[in-house]
Amino acid sequence: MADSAVIPITELTFDNQFAQLSDCFYTKQSPTPLSNSHLVSFNKSVANSLGFELTTEKKDVDNLVSIASGQKLWPDAEPLAMVYSGHQFGVYNPQLGDGRGLLLGEVRTPSGDRWDLHLKGAGMTPYSRQGDGRAVLRSTIREYLCSEAMHHLGIPTTRALCIVGSDEPVYRETVETAATLIRVAKTHLRFGSFEYFYYTRQQKALKELVNFAIQQYYPELVGSNNQYEEFYRQTVVKTAQLIAYWQAFGFVHGVMNTDNMSLLGDTFDYGPFGFMDDYDQGFICNHSDHTGRYAFNQQPSIAYWNCACLGQVLVPFVKPDTIKQLLNEFEIAFVHKYADLMRQKLGLIELTESDQELVQQLFTLMQKNSVDYTLFFRHLCDFIPNEQNTFIRDLFIDRDGFDSWAKQYQQRLTQQTDNQVSRSQQMKSINPKYILRNYLAQQAIDKATKEQDFSEVNQLLQLLQRPFAEQSVMEHYAKLPPEWGKKLVISCSS
Ligand code: AMP
Ligand code: MG
């Protein structure tokens, strides 16, 4: 993505390929404007990545707010609600679709990249079912901050351009206010987009959609005789790699339904997600997930299951045996990526056979001692061989347990020829100092919703754009969460 142009954001040029497809894939729909809207936050970095910027001129800011609140459309935007279905908590739901968001269109950046812009919270659509078509300010702040945090951690994700708030009441567990968010993504096609046409037996439409996806996202495959196989293989591999990132960074998505699985392996649709504080392999962040289907340690097998759902849909184009074979690539890609990320997190130059055991022992110890996942790895960057490393050791109740692990780790480090300074530097580029802990997001939400003060949202946005940097004045954001912060129950309503 280019970073140079200074074209005002209000002059985006659209290229609505999706809207040219047969009309079974969407319903064209205008946003329902939000009343009394105001800008909550604008992400310059995303605008620059799109090749645009928001000038400081009042008319440009006003224009953006009008657009993001659904009062006005970008010239050439062709808003539409996309059709999809999906497996929710393992059960097929035949009709989902964009119930409160609209694809405004696809943008071409000056450098030729293509991005989907989606207005979340844009009002009712034919797919709203019992919903009101709105999103609350609380949930847009969570998506806005977390997607940006993920991007800067190097984890594939959608991003968000801005949040606009309003005084329009929205009824969830309590009365909240409506907001919108402009989501920027490489695609808004989900596994569920394809499932809909397979399960409604619309094979011609399904083929049109698969061909569209190949043409848009894998143009190099068009016309090749294994295009469908390769399309599936790459989707499986990208999904597996994404989950490896989640596992390595301690991220739990919370609602890995197939309608929330991006076709291009991006983290997609932020709901009751959470970064683990204390290491807990069974961590559940979604409080309506009573069986722990989407717990931290279930994510790889659920993603595999979701890929199998996508494979099923491709049966008209790919032999079932081939689909099974291609699905096997999930495990290979996941294990490979995850091992590589853990290697980097431990500061190892190359993997040896015993490293898996070293990692496993560490996790067992961290689980028993409820050690903070992010803080531990950041502290480990400053591990000095042959010293007591009290600052790390003190994170464990079982100090002897830590000592014995540290002894093995130290021995492992002697097998490589790097020096402590360069190792520490490398480790600090993969082990973040700052993550979006639930309690940090909550503090920003409280300020925004109770005091209409968005400074904390903007402060966190800036902080999380440099998660690996020391940022000394921000030190307090890297501390262990307070007890109340660990016990926050994140509402699934959004
Ligand atoms: P989500 O849980 O955000 O992934 O949404 C699941 C489905 O419910 C999608 O079809 C959404 O469009 C729809 N949905 C969620 N919230 C609302 C709402 N407030 N109004 C209308 N539809 C909604
Ligand atoms: Mg969703």
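No experiment lies behind these values; they were computed from the predicted model shown. First listed ligand is number 1; within each ligand, the first listed atom is number 1.
Within the 4.5 Å cutoff, the side chain of Tyr218 has heavy atoms near those of the Leu264 side chain.
Among the atoms of Asp259, no N, O or S atom is found under 2.8 Å from the Mg ion (ligand 2). Residue Asn257 does not count as close to the Mg ion (ligand 2), with no N, O or S atom under 2.8 Å.
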ask   = Which is it for Tyr228 and Phe317 under the ring-ring contact (aromatic ring centres under 6.0 Å, His included) test, yes or no, and what are the steps along the way?
value = CA-CA 7 Å; Tyr228 298 116; Phe317 319 112; 5.2 Å; yes
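With ring centers used as reference points, Phe363 lies under 6.0 Å from Tyr279.
Partner Tyr270 forms a side chain to side chain donor-acceptor pair (under 3.5 Å) with one of Asn260, Thr140, Thr157 and no other, that one being Thr157.
Every protein residue with a heavy atom nearer than 4.0 Å to ligand 1 is included here: Tyr84, Leu96, Gly97, Asp98, Gly99, Arg100, Ser128, Arg129, Gly131, Asp132, Gly133, Arg134, Arg172, Asn260, Asp269.
Geometric assessment of Arg183 against the ring of Trp115 yields a negative cation-pi assignment under the 6.0 Å and 45° thresholds. A cation-pi arrangement, defined by a distance under 6.0 Å to the six-membered ring centre and an angle within 45 degrees of its axis, is present between Arg142 and Phe273.
The two residues Ala205 and Phe25 make their nearest non-hydrogen contact at O-CZ, 3.2 Å.
Atom OD2 is the N, O or S atom of Asp269 at the shortest distance from the Mg ion (ligand 2).
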